[in-house]
Amino acid sequence: MADLFTERYRTVTDRPLVIAGPCSAESESQLLETASMLKRCGTDIFRAGIWKPRTKPGSFEGAGDKALPWLASVKQLYGFPVATEVAIPEHVEKALKYGVDILWIGARTSVNPFAVQEIAESLRGVHIPVFVKNPVNPDLELWIGAVERLKRCGIVETGAIHRGFSSFDNGIYRNMPYWSIPLEFRRRIGDVPLICDPSHMGGKRENIASLASFAVKLGFDGLMIESHCNPGKALSDASQQLHPDDLLKILAGLKPLLNDASDDVISGYRKDIDMIDGQILSLLSKRMDISGLIGSYKKDNSISVFQSERYETVIRERIALGESLNLNHDFIIKVMRLIHEESVRIQMEIVQK
Ligand code: PEP
Ligand code: MN
């Protein structure tokens, strides 16, 4: 998409934009060493987190303000445009003061409209590209809303970063891709470049190559990949950061950009279906485990396995719930009958033992 501003930053043709760098800026030497290695990989934009939102207190929360001049040195010595995450207006002010070229709003911030609005207001009259990571929960409207808040405050160059969504059962990933959500994002607002972050999605080094190449096939405009000069020793997200040599191998293996990604769009939807089937089966297995516990309790307390009153209530409530979720009435009854039958079978097996 030649009209997108990301084209300005792209230094290698036939490949999407590459934003790479460590999860966190840890020291000046770590940043400069990583930057010198990434320069050889054809990285277009250098990223590093300065203020880190962490799930638990006590984890490394970023080097903070003192890392701003380190990032400025990366820019000066290696000529990279540099990017960092901002979560409050104070971060914006400091990042701008130190010449940061691109800002992004993280997943834990984009989830909060008040926080996004404050950041957007602090950017009024400033010309800088701002990327918005998808909110942690799979809520397309909230993601689009965050981008709209920036646009309404005059930010012309906005981008979206798909980093996956937190879910009850993330399977092999740290965050579920739900590819249909970024595809719908693109359908709704096609003029906003779409970047994939396979690092936070995959959570592990070995997941990154396949996620990155899938995103490219789906026609994403760029990739944001965490890379560290000594990934095993990284102070945050150590298991998902790549050594620049490994990043280079992944980038070299990416197929050239496709003009027509329509077949891959279907496979994007299919990947979601495969993943959701996995979640359904995993939830069914958890449900049956609980049936087993109930079976043991009934056995110990001489309670009969089948209780028609409970069965009637379950079916009635599930029909109401299912219909409110736009599921067909007969389909809900069929599915719930099958599940209940299996649950009774499991309990009978235990009681008869
Ligand atoms: C990051 O990019 O380092 C980060 C914290 O990502 P996210 O907001 O996607 O969790
Ligand atoms: Mn990270």
Side-chain angles (χ1 to χ4, degrees), residues 17-26 30-31 34 38 43 45-57 59-64 67 70-71 74 82-88 91-92 95 100 102-112 115-116 119 129-139 142-143 146-147 150 159-167 170 173-178 181-182 185 194-205 207-208 211-212 215 220 222-244 247:
L17 179 84
V18 176
I19 306 170
C23 177
S24 307
E26 299 167 5
Q30 168 248 7
L31 270 202
T34 306
L38 288 175
T43 294
I45 296 169
F46 185 88
R47 65 147 280 158
I50 288 179
W51 304 281
K52 300 298 298 178
R54 303 311 303 278
T55 304
K56 297 229 178 80
S59 311
F60 176 64
E61 289 183 332
W70 307 341
L71 207 50
V74 166
V82 293
T84 200
E85 173 176 348
V86 289
I88 50 175
H91 295 162
V92 171
V100 173
I102 296 157
L103 306 175
W104 84 81
I105 296 177
R108 290 164 194 77
T109 308
S110 63
V111 82
N112 180 347
V116 173
I119 296 173
V130 185
F131 289 104
V132 182
K133 286 203 170 196
N134 64 256
V136 278
N137 54 321
D139 188 335
L142 199 54
W143 193 9
V147 171
L150 291 167
I161 303 176
H162 171 227
R163 48 78 82 194
F165 304 90
S166 186
S167 167
N170 289 321
Y173 297 125
R174 178 175 174 190
N175 290 294
M176 294 295 235
Y178 288 119
I181 296 181
F185 184 105
L194 202 52
I195 311 288
C196 178
D197 170 352
S199 304
H200 290 88
M201 201 180 279
K204 291 196 202 85
R205 276 182 271 288
N207 285 334
I208 294 169
L211 288 167
F220 276 65
L223 297 169
M224 176 187 261
I225 302 185
E226 288 190 338
S227 181
H228 189 292
C229 56
N230 190 353
K233 291 263 158 62
L235 299 181
S236 59
D237 290 350
S239 56
Q240 72 194 29
Q241 299 208 56
L242 293 170
H243 188 277
L247 174 64

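None of the values given here were measured: they were computed from a predicted structure. Just so you know, ligand 1 is whichever comes first in the structure, and atom 1 is the first atom listed for that ligand. Every heavy atom of this structure was used, including side-chain atoms; hydrogens, water molecules and symmetry mates were not.
Distance check, rounded to the nearest 0.5 Å: CD of Gln241 to CD1 of Ile225 gives 12.0 Å. One finds the NE2 atom of His228 at 3.5 Å from the CD atom of Glu26 (value rounded to the nearest 0.5 Å).
Between the side chain of Arg47 and the backbone N or O of Pro22, at least one donor-acceptor pair lies under 3.5 Å. Side chain of Ser24 to main chain of Gly49: no donor-acceptor pair is present (N/O by atom type, distance under 3.5 Å, no hydrogens or angles).
Contact residues for ligand 1 (protein heavy atom closer than 4.0 angstrom to any ligand atom): Cys23, Arg47, Lys52, Glu85, Trp104, Gly106, Ala107, Arg108, Lys133, Arg163, His200, Glu226.
Note on ring orientation: taking the six-membered ring where Trp is involved, the planes of Phe185 and Trp143 are tilted (angle from 30° to 60°).
Arg163 and Ala107 make their closest contact through NE-CB, 3.3 Å (heavy atoms, listed as atom of the first residue, atom of the second, distance).
Geometry note: the Mn ion (ligand 2) is the vertex, Glu226 OE2 and Cys23 SG are the arms, and the angle is 90° (rounded to 10 degrees).
Side chains of Asp237 and His200: a donor on one and an acceptor on the other come within 3.5 Å.
Within Asp237, the N, O or S atom at minimum distance from the Mn ion (ligand 2) carries the name OD2.
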